[in-house]
Colleague: 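My questions all concern the structure below.
Reminder, nothing fancy here: chain letters follow the sequence lines and each chain counts from 1.
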Amino acid sequence: MKLLIVVASNPYSHDFNTSVKLAKASLERNHSVSMFFMANGVYCLLREEIKELSERGVKVYYCAHNANQRKVKPDSWAESSSMYGLSKLVTESDRVLMFD
Amino acid sequence: MKLLIVVASNPYSHDFNTSVKLAKASLERNHSVSMFFMANGVYCLLREEIKELSERGVKVYYCAHNANQRKVKPDSWAESSSMYGLSKLVTESDRVLMFD
Amino acid sequence: MARKNVVFIIKSNPFSWKTFEALRQAVGASIEHNVSVIFIKDGVYALTDWKPELIGIEPIDKSIESLGMMGARVIAESEAVRERGIKLKDWGIEIDIMDKDHICNMTKDAEVVITW
Amino acid sequence: MARKNVVFIIKSNPFSWKTFEALRQAVGASIEHNVSVIFIKDGVYALTDWKPELIGIEPIDKSIESLGMMGARVIAESEAVRERGIKLKDWGIEIDIMDKDHICNMTKDAEVVITW
Amino acid sequence: MVNTVWIIKKLADFPELELIEEDDVIILIQDAVLRTPSIENWYACEEDTVARNIKIPEDRLVSYADIIDLIEKANKVVVW
Amino acid sequence: MVNTVWIIKKLADFPELELIEEDDVIILIQDAVLRTPSIENWYACEEDTVARNIKIPEDRLVSYADIIDLIEKANKVVVW
């Protein structure tokens, strides 16, 4: 299964915990996982947990507009994208989970 | 009047708007205004509105622990402080407004 | 690539950045999907003539206009509008007023449902 | 410098970073103020034997312990505890169970009230 | 003389009525302006009301400067 | 065959009952585990339940792996 998790919540929220745990569980089931960070979710890119998920195979994207607006400078393991990029990820994914 | 506004909400919230507007109105009434940013509020230090308030005379403080934890590096117009520092501001203030 | 039926549901925080971001997301999706944006419960307030700039939020007019241009549907729950006694703004595009039953059916038929 | 009566009210989000930050704030204040931390409504859940580390939140035990050492009062609303049928954890300090009326009076008498 | 100014952000979060005394004042801000309270001494933040296109009688609306003045005159302010 | 998996975060936000069909499944997560629903097919996230020290019958608890499996088996997932 190709799973897409979209996170618009800040990194000190229940949504952050839930999305990280669901991403881990999906990896353990050998699913392909993408995470897309937008709105206040771009602050999550500053947390180690997301970097670790990226190292374990989660594809990490973010809305460049939101990151720029919030002055967040993501590391290179996160891929700059847009709302149109998110739309394409929706096309490719079997299931979409939205956390906001 | 010495007013203390404590902000623990993120910068894309109604609380951000309310606290900025209340700080401005206080300045216009020639009150002395301090703002203390903690928890998700430290992300507010990345917004221009707070810098402008600081330039107009608002004393801006933040919890160094929270800023460090969230990888926020405030500019020099914001003063590094702590929960004990906040306590001392409560002592000096005539009114305290908490937004979280 | 398969075009999908994507339903966005805006159910709360009508006067917030959340609504702004939800609509931006819907516009992006409408380029290659069949998009419906459904406002229910307190979400319907977002379709009234409110003034985001007064409370530090970017206007949503352009997003709603873009949805119209992309052929996306914009829908308001009739019960929610009636209960709140509100009047929807003329956004320059057609807003469908739909009852709960129809909204339920649209949600059931959708391939992807994104709630805000 | 004047020692003030400072009341902290935790009324929602018991299992969150908010509670953690509220308590940290209360500990800091208790160094030079007369602090009372009052848990009302859903806030009382924070005083049960929950496991913050399971949901990615730092434990609050040290903060509550520090409040005890600093002589701050920790109070739970009796009605909220009873309605939820919950049992408070033994935090190693005294937790006062107090009814709404008393809590109202404490809030009225406080010089500073900080709500979370 | 105003005793306590209560700044209310959400109506669901309305403080228990027993907390409010006769010489207290309530100021609705943010989404709390959507529903008006049943008690006597209340005002609503004008900018938050106009921004949401809500109809509230003129004499109930207060500017941010008014809010600051009310806070100054009161003994205490609580954001609830 | 599961039709839709509904992931519920807050009980106040419970989807209208008319939205839920017989072959749907509801999974309570986060603070939604505090109150259990009146309908049939529901589960609760074990970790969120244990973290909050809430008593929910063992056979209603699901791990994150279980949740992922339920999502995979369903036609659709909605986080409400």
Colleague: Return yes when atom CD of Glu55(B) has more than 12 non-hydrogen atoms of other residues, nucleotides or ligands closer than 6.0 Å, and no otherwise.
Modeller: yes

Colleague: In Å, rounded to the nearest 0.5 Å, how long is the span from OG1 of Thr18(B) to CD1 of Ile67(E)?
Modeller: 8.0 Å

Colleague: Show your reasoning for whether side-chain contact (heavy atoms from CB on, under 4.5 Å) applies to Lys9(E) and His14(B).
Modeller: CA-CA 9 Å; Lys9(E) 303 198 297 180; His14(B) 292 318; over 6 Å; no

Colleague: Between Gln30(E) and chain B, with a heavy-atom cut-off of 4.5 Å, which part of the residue counts as in contact: side chain, backbone, both or neither?
Modeller: side chain

Colleague: Should Ile71(E) and Met1(B) count as side-chain neighbours, where that means a heavy-atom distance under 4.5 Å?
Modeller: yes

Colleague: When you measure from the side chain of Arg95(B) to the backbone N and O of Ala74(E), does any donor-acceptor pair fall under 3.5 Å?
Modeller: yes

Colleague: Based on non-hydrogen pairs under 4.5 Å, which of Leu22(B), Asp94(B), Val96(B) is most in contact with chain E?
Modeller: Leu22(B)

Colleague: Should we say atom OH of Tyr43(E) is surrounded by more than 12 heavy atoms from elsewhere, each under 6.0 Å from it?
Modeller: no

Colleague: Closest approach of Ala65(E) and Ala25(B), non-hydrogen atoms and distance?
Modeller: N-CB, 3.8 Å

Colleague: Considering only heavy atoms and a distance below 4.5 Å, find which of Ile29(E), Asp69(E), Ile7(E) pairs most often with chain B.
Modeller: Asp69(E)

Colleague: Let me know if Asp100(B) has heavy atoms under 4.5 Å from chain E in its side chain, its backbone, both or neither.
Modeller: backbone

Colleague: Please rank Lys24(B), Lys21(B), Glu28(B) by heavy-atom pairs under 4.5 Å with chain E and give me the top one.
Modeller: Lys21(B)

Colleague: How far does CD1 of Ile68(E) sit from CG of Leu97(B), to the nearest 0.5 angstrom?
Modeller: 6.5 Å

